**Student:** 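This structure is in structure tokens; I'll ask about it shortly.
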2 protein chains.
Amino acid sequence: MDRRSRTKSAEGSYHHGALREALLVAAEGLIGEQGLEGFTLRECARRAGVSHGAPAHHFGDLRGLLSAFTAQSFETLDALTTRYREAAEPEPYAQLVASGVAYLDYALANRARFQLMFRSDRIDFGYPPLHAAATRVHDHLRQCVVAVLTGEARQPEDLPDAAVLARTTQAWSFVHGFATLYLDNGLFASQVGGTPARARSAYVALMLGMRDTFEGDPD
Amino acid sequence: MDRRSRTKSAEGSYHHGALREALLVAAEGLIGEQGLEGFTLRECARRAGVSHGAPAHHFGDLRGLLSAFTAQSFETLDALTTRYREAAEPEPYAQLVASGVAYLDYALANRARFQLMFRSDRIDFGYPPLHAAATRVHDHLRQCVVAVLTGEARQPEDLPDAAVLARTTQAWSFVHGFATLYLDNGLFASQVGGTPARARSAYVALMLGMRDTFEGDPD
DNA sequence: CCTTTATGTAGACATTGTCTAGTTCCAGGA
DNA sequence: TCCTGGAACTAGACAATGTCTACATAAAGG
């Protein structure tokens with residue numbers, strides 16, 4: 001049970017056929033079990049059933065593999081956010097909260113993987129697919145903020161950029177800090193209730209308490 | 001210029017005399033230059049002018065050294081927060097903002113060192129001095145939140161714990177997310193203005209906008 | 001004074017990421 | 001169909017790291 005399935009080729013064939021995908025799958029398992037620090041390029045290759053030099057042909061180096069892996073993470077988060085928003089009320093603020101809950105749920109369900117998404121020392125945001133996917137996730141937040149600000153009285157076109165930026169910054173900082181602290185600070189985690197479900201409802205409650213902050217004062 | 005100063009002993013003496021402190025100093029320089037990922041126990045020993053096995057006698061292993069180092073980080077942040085609060089208006093909300101600004105300033109001025117403070121995979125919060133110092137920093141925030149909530153109409157004793165916890169969670173999540181994202185997310189950094197000074201004022205502005213959130217609604 | 005114990009050294013070991021040289025095999029032009 | 005170029009993979013080398021063990025030195029205290 002050591003050799004993994006080789007979809008396109010026979011079991012013992014020299015060429016794998018779909019090594020790139022296999023390595024990304026192996027990476028997911030490995031990072032889920034061992035965490036980010038226990039992650040190893042060689043162990044990843046071992047799980048995919050190839051030699052330790054093979055990954056270089058597809059990803060260049062370790063940073064390349066992690067960057068490609070993280071691009072997938074952002075894509076998944078993007079899709080999750082879309083689903084959460086569709087399931088939520090169309091009302092602007094509900095959409096903003098739904099985006100935040102998606103962000104939080106993803107982080108809590110994929111600890112090490114989420115942490116890697118913001119480790120600029122191990123991934124390369126210059127990698128186009130990664131940059132693109134990360135931007136899409138960011139756009140969800142921004143769109144929601146714009147909708148909340150627009151919903152009141154104004155037209156979208158005369159929305160001051162500064163206002164949108166400020167609210168996006170606020171919303172993003174809050175979810176990100178909440179998720180991050182929950183994941184690697186025991187003090188925070190216990191303070192928030194311990195279980196992911198409690199954390200989730202604590203987050204939602206605080207977001208509802210901040211509603212006026214997002215909808216209010218124009219400048 | 002390889003051997004570092006050995007305060008208590010002669011230059012070429014076998015025993016260092018103050019290796020523990022020397023290693024922590026070396027660690028500070030190393031982590032400041034190379035970042036957290038470039039940090040190495042052996043290089044740290046090299047800078048202190050001792051063999052690679054020497055640190056084990058004082059810290060056990062790498063995790064032990066980083067834990068002791070991070071305890072100092074929290075102590076420094078604690079002291080910085082005290083100074084910022086003393087320099088600020090005594091009014092409760094100004095105190096809360098001052099605590100946040102201290103947190104943010106420390107993070108921006110000590111990037112890698114700050115990041116290490118929340119890397120539970122590399123430090124051990126069970127190390128008593130670390131746990132104690134971290135708790136002291138947390139208490140600053142909590143004290144400020146209590147003061148803000150008390151200042152209104154109530155006595156401190158009938159402050160619902162849940163309200164204090166919720167506001168502390170909110171304030172902490174926000175600063176922490178803000179600082180963290182600024183440090184390792186280019187999108188966020190540029191959105192907030194690029195320079196630390198702009199980031200600082202953006203943070204303060206948002207905190208002032210959230211004032212009602214902290215002082216308002218009892219439950 | 002002498003022995004115990006803390007402090008440092010030196011070398012071994014397994015493991016890691018990357019490089020290089022050599023294999024295997026697929027694909028596309030003659 | 002053959003054959004040839006290049007992509008995919010293997011195997012071994014290399015320097016570097018964290019930790020372990022055996023040993024050397026010195027300081028402290030009976």
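The chains referred to below are lettered A, B, ... by the order of the sequence lines, with proteins before strands, and numbering in each begins at 1. Computed from a predicted structure; not experimentally measured.
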**Student:** Nearest-nucleotide wise, let me know which of Gly53(A) and Gly53(B) is further upstream toward the 5' end of DNA chain D.
**Tutor:**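 Closest to the 5' end, via its nearest nucleotide, is Gly53(A).
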
**Student:** Less than 6.0 Å separating the ring centroids of Phe178(A) and Phe188(A)?
**Tutor:**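 That pair passes the under 6.0 Å test.
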
**Student:** Of the residues in residues 59-68 of chain A, which ones touch DNA chain C at a heavy-atom distance under 4.0 Å?
**Tutor:**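 Contacting residues: Asp61(A), Leu62(A).
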
**Student:** What integer distance in Å separates Leu23(B):CG from dG18(D):P?
**Tutor:**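 Atom CG in Leu23(B) sits about 13 Å away from atom P in dG18(D).
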
**Student:** Atom NE2 of His57(A) to atom P of dA8(D): distance rounded to whole Å?
**Tutor:**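 Spelled out: NE2 on His57(A) to P on dA8(D) is 8 Å.
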
**Student:** Rounded to whole angstrom units, what separation is found between the CD atom of Glu37(B) and the C1' atom of dG18(D)?
**Tutor:**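 Checked: the CD to C1' distance equals 15 Å.
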
**Student:** Just checking Arg63(B): does its CZ atom have more than 12 heavy atoms from other residues, nucleotides or ligands closer to it than 6.0 angstrom?
**Tutor:**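 Buried by this count: over 12 neighbours within 6.0 Å.
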
**Student:** Could you pull out the protein-nucleic contacts involving nucleotides 13-16 of chain D (nitrogen or oxygen on both sides, under 3.5 Å)?
**Tutor:**
none

**Student:** Are the charged groups of Arg47(B) and Glu33(B) less than 4.0 angstrom apart, N to O?
**Tutor:**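 Looking at Glu33(B) together with Arg47(B), the answer is yes, because their closest N to O distance falls below 4.0 Å.
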
**Student:** Between Phe74(A) and Phe125(A), how do the two ring planes meet: parallel, tilted or perpendicular, split at 30° and 60°?
**Tutor:**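 Ring orientation, 0 to 90° scale: perpendicular.
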
**Student:** It should be established whether His58(A) places a side-chain nitrogen or oxygen under 4.0 Å from OP1 or OP2 of nucleotide dC9(D).
**Tutor:**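 It does, given that an N or O in the side chain of His58(A) lies less than 4.0 Å from OP1 or OP2 of dC9(D).
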
**Student:** Assess the pair Phe118(A) and His176(A): is the distance between their ring centroids shorter than 6.0 Å?
**Tutor:**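 Yes, ring centres under 6.0 Å apart.
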
**Student:** Hey, is Asp121(B) close enough to Arg119(B) for a salt bridge, meaning N to O under 4.0 Å?
**Tutor:**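 Yes, Asp121(B) and Arg119(B) are salt-bridged.
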
**Student:** Just how far, in rounded Å, is C1' of dT15(C) from CD of Gln34(A)?
**Tutor:**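 Spelled out: CD on Gln34(A) to C1' on dT15(C) is 14 Å.
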
**Student:** How long is the line joining CG of Leu30(A) and P of dG17(C), in whole Å?
**Tutor:**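 Rounding to the nearest Å, CG of Leu30(A) and P of dG17(C) are 10 Å apart.
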
**Student:** Under a 4.0 Å threshold between the charged nitrogen and the carboxylate oxygen, would Glu86(A) count as salt-bridged to Arg83(A)?
**Tutor:**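 Salt bridge absent between Arg83(A) and Glu86(A).
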
**Student:** Applying side-chain hydrogen bond (donor to acceptor under 3.5 Å, both in side chains), can you list everything that pairs with Thr81(A), at least two apart in sequence or on another chain?
**Tutor:**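 Per chain and number, Thr81(A) pairs via side-chain hydrogen bond (donor to acceptor under 3.5 Å, both in side chains) with no residue.
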
